[in-house]
There are 4 protein chains.
Amino acid sequence: MARAEPADDAPRRGRPRSQKTRQAILEATSDLLLEHGLGSISMDTVAERAGASKATIYRWWPSKELLALDALFSEWETARPDTPDTGSLDGDLLALVGPWIHQVAQRPYGRVIAALVVRAQTDPQFAQAYSARFLQPRRDEVRVIFDRAIERGDIPADTDVEAAIDLVYGPFYHRMLQGHAPNTDGFARTVVAYVVAGVSGPAVRAE
Amino acid sequence: MARAEPADDAPRRGRPRSQKTRQAILEATSDLLLEHGLGSISMDTVAERAGASKATIYRWWPSKELLALDALFSEWETARPDTPDTGSLDGDLLALVGPWIHQVAQRPYGRVIAALVVRAQTDPQFAQAYSARFLQPRRDEVRVIFDRAIERGDIPADTDVEAAIDLVYGPFYHRMLQGHAPNTDGFARTVVAYVVAGVSGPAVRAE
Amino acid sequence: MARAEPADDAPRRGRPRSQKTRQAILEATSDLLLEHGLGSISMDTVAERAGASKATIYRWWPSKELLALDALFSEWETARPDTPDTGSLDGDLLALVGPWIHQVAQRPYGRVIAALVVRAQTDPQFAQAYSARFLQPRRDEVRVIFDRAIERGDIPADTDVEAAIDLVYGPFYHRMLQGHAPNTDGFARTVVAYVVAGVSGPAVRAE
Amino acid sequence: MARAEPADDAPRRGRPRSQKTRQAILEATSDLLLEHGLGSISMDTVAERAGASKATIYRWWPSKELLALDALFSEWETARPDTPDTGSLDGDLLALVGPWIHQVAQRPYGRVIAALVVRAQTDPQFAQAYSARFLQPRRDEVRVIFDRAIERGDIPADTDVEAAIDLVYGPFYHRMLQGHAPNTDGFARTVVAYVVAGVSGPAVRAE
DNA sequence: TCCTAACCGAGACGGTACGTCGCGTCTTAGG
DNA sequence: CCTAAGACGCGACGTACCGTCTCGGTTAGGA
């Protein structure tokens, strides 16, 4: 949630927050977000679509971007699979990025994420929230995968895991945001293959 | 330029466009852009800073984003080095991306580019302009480098060059936009090394 | 008022209109109007002087002219005397037009009214509002006076009252708008005398 | 003309003024003026319609209103009859105002004149020009008529002629500008009858 | 059963920026 | 010297959102 929740044992006097309204706002935001993009929707529009009041929105979400973050997160996180463990590095990576690119390709998330990135550039507080919700969890998963590969001895122990993570996600984000080419399954396989080959050590051309 | 230029042999009637004003607008835009980011500057501010009129700006640039594109391009392109040819794939790549990350790190270009990316998500016409000015030229350079490597036999002829290009630029854009880590020289070396190793063929662990 | 008022028994939802702001806008308009004339004032200036927002002005008054109409009316109507009844036609007319020309002469209303007349020429809806607020009430008063004179038998029953009204007000408006001569008390007496003599029937030169 | 003409015996060097352009501008102004009213036309529109350049217009007419004055005058003055002399006061007055109200009724001159009046309220220099072109010539004619009536002994020698003139023209201007009723021939006859009766001296009711 | 706190909708408010239009001036090339 | 074309600085336009603020009304727990 975008606002600090009170302690569970607090008295909680007064009328409690309407969950129906909360849901309506998040859904209205999600819908409008994917229809028009963050820049083209207004708080007034969200309020109207949700049948809510602007004041209510501002009571719980301090900015349009944080609202979008929450809305997107709600839609995104439902039924996301656990970090896979296929036993091989390339298997794990493909099992991770495959569903990710499918989900992203499904609807125009690109422009929404781009808009969030813009806000994160200027607002450090928002940047923190964005990172904690969207960025780090995905990086953590990949980090686990690479760590397991190191433990198994599949890749060198001195592998630069942070760089490797960027090498994995960078190309997909690049295509998603710059839009010069689609994130196809073939592209995913190629990227994973190249990355795995790359981190597996100094290449020796097969004669 | 943001607007089509008339044919060179046209009669050229009427008062000609003021190049002084054009420059003043582009410079004012550049300055404000890097100081505050695209979202925080207004056409009014640009006009005032440039000593120009809003109408004049709109006469030549249909949107704030296209103006920013032009301004950034003017600032960016001055004295950009030619595509390097060091004789080796990793040498070429490093010689290319090194200056690029330095230039980007120098001033807060990240948030400006992010803002342009946002607009490109929604406006196909702008996307085209953005791609032609910023994206494709850089990709073309890397493509040349990989093609040369293939010719030299340094990497397999069936290398997926397009994917390789994304593998090179993706991680740097990723860090620039997501901001989770800086684009250091060390990171550049690591990325280049992994990519070169990755595309050099099926890795064989050195015993 | 410039906008239809809701029914008195309506639920009255939402924040009620700020009467303080309403007054501030009307007073700012009145002041600026008489200082500079309608053509020389801008909505921005009115808003600034009133400490209000332009949007608030446009919410309640669809045009500068209607705002001016309202402002002028507010200033004008405060403490306007009732239709006089002196017992004689010329007495009644003088008692009516005397205060009127004094009020008009007091401040530069002429140019404001002229500007309203311009708008009324082009905009039938505004013409209606102008007529209902400024024109007809004055004409009604004169009509009452003439009707009483007819009842008393002071003037013929077949007097063309509408023409007579124009004969009374026309000369004063003419001088106010064309500005070729001032509306003095002497002029008022002369006009009234001529009109009364004129409608009193076929003149017979006194021998 | 709106600008002082050089002395006839001046050398007159350079390209002479284009009479064709002058006519085109005046006609374009007339047309647009009567179609849309002064407030709704722009110098750009006039220039375009006339096939002329804005600079050319401003070279010869210092303001839109003076241009309109010139244009209207050109259209208005063509073939205006001489001051009539029918031998009787009411005959003269009717012969004068009759054609005038016909001409005015013919096209929407009212709003144009209203606009000129507005400008005259604020700009004394324009007021002078307006008066000299439109107002005083008409007043002079009526003055001549009343003077002749005095000479003939039809009306008292101490008649307030200036007031009488306003009494004649005021009602027609009033109806033209306020628009509450049309300037019909019947109205003209009534006004003239009342005015003539009014100035003919203290009325004595016919027993 | 009230009281009172916190919620909610509606919607008015002071602002800021938008993109456009018209003004009157200017700078070209050309007649 | 005049003209057409058209770019320019300026200022106002009317609109759209922003985030804040009153209102009346609703929904709970504690007194």
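A, B, ... follow the sequence lines: proteins, then strands. Residue 1 opens every chain.
- Put simply, CD1 on A:Ile25 is 11 Å from C1' on E:dG9, counting in whole angstrom units.
- In this structure, OH of C:Tyr58 is placed 17 Å from P of E:dG15, rounded to the nearest angstrom.
- Per the geometry, CG belonging to B:Leu66 stands 12 Å off P belonging to E:dG19, to the nearest Å.
- For the pair D:Thr56 and A:Ser63, both in contact range of DNA chain F, the more 5′-proximal nearest nucleotide belongs to D:Thr56.
- We find that CH2 of A:Trp61 is positioned 18 Å from C1' of F:dC18, with the value rounded to whole Å.
- Both tests pass for A:Arg17 against the ring of A:Trp60: distance under 6.0 Å to the centre and angle within 45° of the axis.
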Discussion item. Would A:Glu35 and A:Arg49 count as a salt bridge (Lys or Arg N to Asp or Glu O under 4.0 Å) here? Give the steps.
Written reply: CA-CA 13 Å; A:Glu35 279 175 38; A:Arg49 167 88 74 117; 3.4 Å; yes

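- Residue A:Pro16 has its side chain nearest to F:dA28 when only F:dG25, F:dA28, E:dT27 are considered.
- Counting any heavy atom pair closer than 4.0 Å across all strands shown, D:Lys54 reaches a base atom.
- By the side-chain contact (heavy atoms from CB on, under 4.5 Å) test, A:Ser63 is found to be paired with A:Glu65, A:Leu66, A:Arg119, residues two or more places apart in sequence or in another chain being considered.
- Contact annotation: A:Thr21 reaches the phosphate of E:dG9 (side-chain N/O to OP1 or OP2, under 4.0 Å).
- In the set E:dC21, F:dC21, F:dG25, F:dC21 carries the atom at the smallest distance from any side-chain atom of A:Ala55.
- With hydrogens and angles ignored, the 3.5 Å screen pairs no side-chain donor or acceptor of A:Thr56 with any backbone N or O of A:Ala52.
- Taking only side-chain nitrogens and oxygens, D:Arg59 comes nearer than 4.0 Å to OP1 or OP2 of F:dT3.
- Side-chain N/O atoms of D:Ser53 include none lying less than 4.0 angstrom from OP1 or OP2 on F:dA5.
- Residues meeting the side-chain contact (heavy atoms from CB on, under 4.5 Å) test with B:Thr45, sequence neighbours left out: B:Leu32, B:Ser42.
- Taking 3.5 Å as the limit, the base of F:dC2 and the side chain of D:Arg17 contain no donor-acceptor pair of atoms between them.
- Residues of residues 40-52 of chain D having a heavy atom closer than 4.0 Å to DNA chain F, listed by number: D:Gly51, D:Ala52.
- If you check distances only, the side chain of C:Arg15 never reaches the base of F:dC23 with a donor-acceptor pair under 3.5 Å.
- The CZ-C1' distance, from D:Arg22 to F:dT3, rounds to 16 Å in whole Å.
- Protein atom NZ of A:Lys20 is 12 Å distant from nucleotide atom C1' of E:dG9, rounded to whole Å.
- A distance-only check finds no donor-acceptor pair linking the side chain of C:Lys54 to the backbone of C:Val46 [under 3.5 Å].
- Both A:Gln19 and B:Lys64 lie close to DNA chain E; mapped to their nearest nucleotides by heavy-atom distance, the more 5′-ward contact belongs to A:Gln19.
- No side-chain N or O of D:Tyr109 forms a donor-acceptor pair with one of C:Gln121 less than 3.5 Å apart.
- Nearer the 5' end of DNA chain F, as judged by each residue's closest nucleotide, is the contact made by B:Ser18, out of B:Ser18 and C:Gly14.
- Looking at every heavy atom in both residues, B:Phe126 comes nearest to B:Leu116 through CE2-O, 3.2 Å.
- Rounded to whole angstrom, the span from the CG atom of D:Leu38 across to the C1' atom of E:dC23 amounts to 14 Å.
- In this structure, the nucleotide among F:dC2, E:dG9, E:dT25 sitting nearest to the side chain of D:Trp60 is F:dC2.
- Relative to the side chain of B:Arg13, the nucleotides F:dA7, F:dA5, E:dC8 differ in distance, and F:dA5 lies closest.
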